[in-house]
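Note sheet for the following structure.
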Amino acid sequence: MASAPSVPAVTAPAPIAPPPTAPAAATPARKAVGARELRRQQTRETIVDAAAELFAERGFDQVSVLEIAQRAGVVEKTVFNHFPVKEGLVFESDPPMRAALIEAVRRRPLGRSVASAAGGFVVAAIGQLGSPAAIDAVAEMARVVRGSRTLMVREREILGTLTDALAEQIRLETRAPDGDLEPWLAAHAVLGLYAALLELARDRALAGTPGPVMAEELQAAGRRGLALLERGLAGYAPAR
């Protein structure tokens, strides 16, 4: 089960490498380490698949870690070795989106605002949820998350960590003193757009909206939200 929407790849300059040398011979020790890591990854994937099946069948709160272990063909301790908390089977504690979002802000061109860069990244990421490869997973994720108060709370916590990370990046760039309101407000606005678009995607996926229609609606809503971020709220919803 996917823990977060996929995000566009963020390229980075290749590191300076030392002159090439002859490849080291594959020793028995190296082969053993490689085999152990492969088995570990395969076990982890088996556990995740088993958990996803059970959560889809009965809901997150109604499934025990022991049942997941039995479905995966491992002992309960093995599940905890890979996932110290049950919520980790659904959400990654440090979602890949965090690093990618901060990198998008750091690499924005001169003159582009942080709201535009971060908001544009968010809109592009959410827009991918309407793809044929993603829409079924979005619907499944929506059912599991919305059916569990524990997961909804955990998702809000993760959203909070993303907001804090973005606010800190903005504070560092602007050299704002600790406690300044502006970095916090800007970060919350961007992640508020992310949360709103994610919920819209889940609503449409659960309603059976075709992927192309859903993608078009997400992109349109994202453009409106991004325009609001870039322009500010001064002209929004005046009294009439």
Side-chain angles (χ1 to χ4, degrees), residues 2-16 83-85 87-88 90-129 134 138 141 145-146 149-202 218-238:
S3 58
S6 60
V7 295
V10 177
T11 57
I16 298 174
F83 302 96
V85 296
E87 296 94 313
V90 179
F91 295 124
E92 294 183 30
S93 58
D94 183 18
M97 181 179 172
R98 184 186 66 82
L101 174 62
I102 299 304
E103 189 69 4
V105 170
R106 287 175 180 159
R107 289 182 165 275
R108 72 189 187 280
L110 292 175
R112 189 179 188 190
S113 71
V114 68
S116 175
F121 171 87
V122 162
V123 171
I126 293 293
Q128 296 180 16
L129 298 186
V138 173
M141 188 74 163
V145 172
R146 291 181 175 180
R149 177 172 176 78
T150 299
L151 290 180
M152 289 191 291
V153 169
R154 179 60 186 141
E155 187 171 55
R156 285 195 293 270
E157 290 174 350
I158 293 173
L159 187 64
T161 64
L162 289 170
T163 305
D164 290 344
L166 180 57
E168 177 62 12
Q169 177 63 29
I170 297 169
R171 189 189 69 78
L172 290 173
E173 287 195 13
T174 59
R175 296 184 174 86
D178 289 341
D180 254 26
L181 191 64
E182 287 85 349
W184 186 86
L185 281 174
H188 272 265
V190 170
L191 271 302
L193 175 61
Y194 169 78
L197 290 175
L198 178 59
E199 290 308 312
L200 176 61
R202 288 174 173 172
L218 288 174
Q219 289 165 6
R223 286 193 297 270
R224 294 195 304 272
L226 186 56
L228 199 58
L229 284 182
E230 293 172 334
R231 291 196 311 261
L233 295 171
Y236 176 66

Could I get the full list of side chain to side chain donor-acceptor pair (under 3.5 Å) partners for [X], not counting sequence neighbours?
X: Glu155; result: Arg202
X: Thr163; result: none
X: Arg231; result: none
X: Arg108; result: Glu173

Legend entry - Test side chain to side chain contact (heavy atoms under 4.5 Å, CB included) applied to Thr150 - qualifying residues, sequence neighbours left out: Phe60, Asp61, Glu87, Ser148
For [X] and [Y], work out which heavy atoms get closest and say how close.
X: Leu197; Y: Gly222; value: CD2-N, 3.8 Å
X: Pro183; Y: Ala167; value: CB-O, 3.6 Å
X: Leu229; Y: Ala189; value: CD2-CB, 3.4 Å
X: Ile170; Y: Ala186; value: CD1-CB, 3.9 Å
X: Leu151; Y: Phe91; value: O-CE1, 3.4 Å
X: Ala165; Y: Ile102; value: O-CD1, 3.6 Å

Are [X] and [Y] side-chain neighbours, meaning at least one heavy-atom pair lies under 4.5 Å?
X: Val190; Y: Phe121; result: no
X: Val122; Y: Met97; result: yes
X: Leu193; Y: Leu228; result: no
X: Glu199; Y: Arg146; result: yes

With rounding to the nearest 0.5 Å, note down the distance linking [atom1] in [X] to [atom2] in [Y].
X: Leu198; Y: Leu129; atom1: CG; atom2: CG; answer: 6.5 Å
X: Gln169; Y: Thr174; atom1: CD; atom2: OG1; answer: 9.5 Å
X: Ile126; Y: Leu218; atom1: CD1; atom2: CG; answer: 7.5 Å
X: Leu162; Y: Asp164; atom1: CG; atom2: CG; answer: 9.0 Å

Inset, instruction - Scan for salt bridge (Lys or Arg N to Asp or Glu O under 4.0 Å) pairs involving residues 176-186, sequence neighbours excluded, and state none if there are none. - result: Arg171-Asp178
Legend entry - side-chain contact (heavy atoms from CB on, under 4.5 Å) between Arg154 and Val145, worked out: CA-CA 10 Å; Arg154 179 60 186 141; Val145 172; over 6 Å; no
